[in-house]
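Since we're looking at a predicted model, the values are computed, not measured. Whatever order the structure lists ligands and atoms in, that order sets their numbers, starting from 1.
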Amino acid sequence: MRAVQMTAPHTLELVDTPVPEVGPRDVLLAVSAVGACHSDLHLLEAPAGAFPTPMTLGHEVSGRVAEVGADVTGWSAGEPAAVYGIIGCGQCRACLRGLENQCRVTPVGGIGLSRDGGLAEYVVVPASRLLKVGDLDLTQAAPLTDAGLTPYHAIELARRNLRPGGYCVVIGVGGLGHMAIQILVATTAVSIIAVDTSDEALGLATRLGAHHVVKAGPDAADEVRTIVGPAPDGADAVLDCVGVQPTVDTARSVVATGGSLMLVGLGGGTLSVQPSAGQLPVPMEVDIRMPFWGTRAELQEVLALGERGLLQADVTRFKLEEAPEAYEKLRNGEIHGRAVITP
Ligand code: NAD
Ligand code: ZN
Ligand code: ZN
């Protein structure tokens with residue numbers, strides 16, 4: 001079968017590889033769609049040895065069941081499914097509570113991150129990773145599994161602060177950010193302030209229901225402040241879906257006392273926290289989180305929002321052999337919404 005693999009750092013190749021073997025508890029999925037996540041670019045840029053190579057990328061996956069393992073029940077050939085990409089140990093205290101994204105045994109990883117992913121004609125996943133998608137279009141289901149799930153989880157963590165009439169700042173209206181705006185519209189009554197460097201992204205934010213848009217740059221924090229008011233007040237929650245130094249600085253300088261600061265993007269910025277009686281880099285009582293992906297239960301809820309038409313990825317389609325081009329465009333900021341590859 002054809003697959004798009006990271007064969008070495010900075011190297012993405014279309015290769016021919018055997019169809020993977022199906023273990024007794026596995027399902028072979030004929031891949032329908034795979035979202036191209038900015039994290040894949042971080043994987044490609046990571047030093048040698050940080051991630052396994054060669055590895056088929058793709059961690060936002062949907063498809064149809066092609067073959068089921070001997071011990072698998074509840075799934076039959078042809079059925080459509082979305083993949084929950086995290087494979088926790090299932091036994092630690094976090095996994096037992098359903099928080100596989102906090103597994104204490106298998107560190108940050110999953111399908112397309114620490115084992116072969118979905119950028120291929122077929123992928124093997126444990127049957128326990130499949131969720132039913134009902135009537136949802138499979139091209140939509142794929143981006144919901146990460147670009148939808150990750151901001152949904154972050155919003156869940158911040159929900160006690162997202163009271164009607166409050167403010168939420170979404171920094172970075174890309175794959176994750178454009179879903180974050182829709183989740184806030186569908187599940188809260190806050191005013192949404194979208195921040196991005198790109199005018200196209202800000203246009204998309206407005207179409208999706210953002211109440212204010214702010215162009216990223218040196219004046220962005222001041223502009224947000226004119227909307228949310230001066231410290232110690234501010235934004236009730238900030239979702240930084242970029243995580244580079246300028247966005248982390250904007251995020252910490254607009255969050256309200258007692259607000260939620262969600263560092264979702266993995267851009268490598270630094271946040272310094274300095275408990276002291278003096279000038280504080282982050283206000284008192286702020287919750288700072290580095291959320292990772294989400295839980296299986298949350299994915300089911302995200303798929304339900306999709307089925308109801310309340311959450312829809314703005315999709316640009318690519319064929320499997322066009323995957324390198326899709327990632328190049330993502331790197332250059334030329335993708336708005338989500339690029340979805342349809343093997
Ligand atoms: P994306 O490329 O689709 O979107 C990024 C957006 O940020 C674009 O609209 C871009 O214009 C904007 N942007 C870039 N620099 C900016 C700046 N300085 N100020 C404001 N906006 C800026 O990326 P994505 O797929 O949405 O991923 C976003 C980040 O989230 C990546 O770092 C990715 O690795 C990370 N991520 C984290 C998790 C997690 O579990 N924590 C999950 C998925 C992705
Ligand atoms: Zn991702
Ligand atoms: Zn575990």
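- Nearest heavy-atom pair across Val65 and Leu29 is N-CD1, 3.7 Å.
- Under the 4.5 Å side-chain contact rule for hydrophobic residues, Leu176 and Val340 do not share a cluster.
- Here the protein heavy atom with the shortest distance to atom 3 (O) of ligand 1 is Gly175 N, 2.9 Å.
- Protein heavy atom nearest atom 15 (N) of ligand 1, with residue, atom name and distance: Val242 CG1, 3.8 Å.
- Without hydrogens or angle criteria, Arg296 side chain to Glu100 main chain gives no donor-acceptor distance under 3.5 Å.
- Between Ile227 and Val214, the closest side-chain pair of non-hydrogen atoms falls below 4.5 Å.
- An N or O contact shorter than 3.5 Å links Leu266 to ligand 1 by distance.
- For the pair Asp26/Val72, no side-chain contact is recorded, criterion being any heavy-atom separation below 4.5 Å from C-beta on.
- In this structure, Pro246 has no heavy atom closer than 4.0 Å to ligand 1.
- When each atom of ligand 1 is checked for a heavy atom of Trp293 under 4.0 Å away, the hits are 39 (C), 40 (O).
- In this structure, Arg2 pairs ionically with Glu321, as a charged nitrogen and a carboxylate oxygen lie closer than 4.0 Å.
- In terms of polar-atom proximity, Val244 is not counted as a contact of ligand 1, lacking any N or O under 3.5 Å from an N or O of the ligand.
- Arg159 and Thr187 are linked by a side-chain donor-acceptor pair at a separation below 3.5 angstrom, with hydrogens and angles left out of the test.
- Within ligand 1, the atoms closer than 4.0 Å to a non-hydrogen atom of Ala216 are 19 (N), 20 (C), numbered from 1 in the order shown.
- Remark: minimum distance from atom 8 (C) of ligand 1 to any protein heavy atom is reached at Asp196 OD2, 3.6 Å.
- The shortest contact between atom 26 (O) of ligand 1 and any protein heavy atom is with Leu176 N, 2.9 Å.
- The CD atom of Glu21 sits 10.5 Å away from atom CG of Leu28, with the distance rounded to the nearest 0.5 Å.
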Could you walk me through whether Ile87 and Arg115 pass the side-chain contact (heavy atoms from CB on, under 4.5 Å) check?
CA-CA 10 Å; Ile87 305 178; Arg115 55 184 270 166; 3.5 Å; yes
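- If you number the atoms of ligand 1 from 1 as listed, the ones under 4.0 Å from a heavy atom of Arg338 come out as 3 (O), 24 (P), 25 (O).
- Residue contact check for ligand 1: Pro291 places a non-hydrogen atom closer than 4.0 Å to it.
- Contact of the Leu144 side chain with the Leu136 side chain is registered, since non-hydrogen atoms from C-beta on lie closer than 4.5 Å.
- Looking at Thr150 against ligand 1, only its side chain comes within 4.0 Å, counting heavy atoms.
- The closest side-chain heavy-atom distance from Val83 to Leu130 is below 4.5 Å.
- The Zn ion (ligand 2) has Cys37 SG, His59 NE2, Asp146 OD2 as protein N, O or S atoms under 2.8 Å away.
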I'd like to know whether Ser253 forms a side-chain contact (heavy atoms from CB on, under 4.5 Å) with Arg225, so could you lay out the CA-CA distance, the side-chain angles of the two residues, the decisive distance to 0.1 Å, and finally the verdict.
CA-CA 9 Å; Ser253 56; Arg225 278 281 173 205; 5.9 Å; no
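- Geometrically, ligand 1 and His42 share a nitrogen or oxygen pair separated by less than 3.5 Å.
- Not a single heavy atom of Gly243 sits less than 4.0 Å from an atom of ligand 1.
- Remark: minimum distance from atom 37 (C) of ligand 1 to any protein heavy atom is reached at Val264 O, 3.1 Å.
- The shortest non-hydrogen separation linking Thr106 to Cys89 is OG1-N, 3.7 Å.
- Of the candidates Leu119, Val4, Val123, Thr56 forms a side chain to side chain contact (heavy atoms under 4.5 Å, CB included) with just one, namely Leu119.
- With Asn101 as the partner, the side chain to side chain contact (heavy atoms under 4.5 Å, CB included) test is satisfied by one option alone out of Leu149, Ile86, Thr150: Ile86.
- For atom 1 (P) of ligand 1, the closest heavy atom belonging to the protein is His38 ND1, 3.7 Å.
- Between Leu202 and Lys215, some side-chain heavy-atom pair lies under the 4.5 Å cut-off.
- For atom 43 (C) of ligand 1, the closest heavy atom belonging to the protein is Asp146 OD1, 3.4 Å.
- The aromatic rings of Tyr84 and Trp293 sit tilted, their planes meeting at an angle between 30° and 60°.
- Looking only at protein heavy atoms, the nearest one to atom 4 (O) of ligand 1 is Gly174 CA, 3.2 Å.
- Thr53 has its side chain out of reach of Gln5: every pair of non-hydrogen atoms, C-beta onward, lies at least 4.5 Å apart.
- Residue contact check: Leu330 has heavy atoms under 4.0 Å from atoms 2 (O), 3 (O) of ligand 1.
- Between Lys132 and Glu307 no salt bridge is recorded (no basic side-chain N to carboxylate O distance below 4.0 Å).
- Counting only distances under 2.8 Å, and ignoring water, the protein N, O or S atoms around the Zn ion (ligand 3) are Cys89 SG, Cys92 SG, Cys95 SG, Cys103 SG.
- At least one donor-acceptor pair closer than 3.5 Å links the side chain of Glu298 to the backbone N or O of Thr295.
- Checked against a 3.5 angstrom limit, the closest N/O atoms of Ala201 and ligand 1 fall outside it.
- Contact atoms of ligand 1 toward Gly265: 29 (C), 30 (O), 32 (O), 35 (C) (distance under 4.0 Å to a heavy atom of the residue).
- Against a heavy-atom cut-off of under 4.0 Å, Ser39 is close to the following atoms of ligand 1: 33 (C), 34 (O), 35 (C), 36 (N), 43 (C), 44 (C).
- Heavy-atom proximity to atom 28 (C) of ligand 1, evaluated over Ala220, Gly333, Cys241, is greatest for Cys241.
- Applying the 4.0 Å criterion to heavy atoms of Val173 picks out, from ligand 1, the atoms 9 (O).
- Between Ser198 and ligand 1, no pair of N/O atoms sits closer than 3.5 Å.
- Of all the heavy atoms of Thr247, the ones lying under 4.0 Å from any atom of ligand 1 belong exclusively to the side chain.
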Is there a side-chain contact (heavy atoms from CB on, under 4.5 Å) between Leu266 and Ser39 once you walk through the steps?
CA-CA 8 Å; Leu266 305 172; Ser39 298; 4.2 Å; yes
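- Taking any N or O of Phe292, backbone or side chain, none lies under 3.5 Å from an N or O belonging to ligand 1.
- In this structure, CZ in Arg163 is found 10.0 Å from CG in Asp236, a value given to the nearest 0.5 Å.
- Linking Ile, Leu, Val, Met, Phe, Trp and Tyr whenever their side-chain heavy atoms come within less than 4.5 Å puts Val273 and Leu261 in one cluster.
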